[in-house]
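Reviewing the structure listed below.
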Amino acid sequence: MANETTTTSANDYVLAAELLASRILPFFYGHNNVSHLIRYESIAGSPTTAADFPIASQLAAAAMPEGVDTPYSQYTTSKATLTVSTVGLVLGITDLLDKSAIVDMGHYAEQAGMALANKITTDVLALNAGFSNTAGSTGVDLTEANILTAIQTLAAGGVPGPYNGVLHPIQWF
């Protein structure tokens, strides 16, 4: 209507934050399957939206004969730069839908939390393209031998444990 006025107050933002913290985030954390694979860093107070993470080279120690000076080892590092981006989700639940649907607001909160968790899982697993070693084959059933081969491959490559993974439900089957 022409004489309507819509306002937003600080209380509206407090309510939104409370709904996020009490309803959506618990479902997000409950469905986040890759949290154990993620290194969390803060860029708060930084003038950029990017952060650098070092990638260290592997060193090797050797036995030295008596009376011989130990030579210097070459040590280089590289880096991976990650840029922060905004991810969001907007639910447009009308009063009519809220009152006439067979589910309550908790259902929508769970769906929103799962959507956020699926987005993070998809983004983290998309980084798998950067790995150069594989164990097993696509389209072949996962076996204990594949898992043991993967562990041995990581250990032989100098990757410190413990090792973690994310398996698709079909792989579990």
Side-chain angles (χ1 to χ4, degrees), residues 4-61 70 72-95 97-98 103-135 147 150-151 153-169 171-172:
E4 282 186 14
T5 303
T6 302
T7 61
T8 301
S9 68
N11 288 337
D12 293 331
Y13 292 122
V14 171
L15 176 61
E18 173 59 26
L19 287 174
L20 178 68
S22 68
R23 293 192 175 194
I24 296 174
L25 290 181
F27 290 112
F28 163 71
Y29 290 119
H31 294 285
N32 185 358
N33 298 324
V34 294
S35 62
H36 62 286
L37 302 175
I38 299 172
R39 175 180 164 184
Y40 293 91
E41 294 290 335
S42 174
I43 59 169
S46 176
T48 181
T49 58
D52 292 333
F53 295 87
I55 301 172
S57 61
Q58 187 174 354
L59 292 173
T70 305
Y72 288 100
S73 298
Q74 293 297 320
Y75 185 75
T76 59
T77 59
S78 58
K79 67 178 181 175
T81 301
L82 300 178
T83 303
V84 176
S85 65
T86 301
V87 174
L89 175 69
V90 177
L91 295 174
I93 302 167
T94 64
D95 291 339
L97 179 61
D98 183 34
V103 296
D104 63 0
M105 293 301 282
H107 172 76
Y108 301 118
E110 180 177 10
Q111 295 303 308
M114 287 188 338
L116 293 172
N118 287 339
K119 171 66 174 147
I120 289 184
T121 300
T122 301
D123 288 351
V124 169
L125 296 181
L127 298 172
N128 286 342
F131 293 115
S132 58
N133 295 318
T134 60
I147 294 172
I151 291 170
T153 302
L154 290 169
V159 178
Y163 305 116
N164 296 292
V166 177
L167 298 177
H168 191 279
Q171 291 172 310
W172 280 110

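Throughout, residue positions are numbered sequentially from 1 according to the sequence presented.
- For Tyr72, there are no side-chain contact (heavy atoms from CB on, under 4.5 Å) partners two or more places apart in sequence or in a different chain.
- The two residues Thr81 and Ala50 make their nearest non-hydrogen contact at CG2-CB, 3.9 Å.
- Here the CD atom belonging to Gln111 is positioned 10.5 Å from the CG atom belonging to Leu89, to the nearest 0.5 angstrom.
- Counting all heavy atoms, side chain and backbone alike, Ile43 lies closest to Thr49 at CD1-CA, 3.8 Å.
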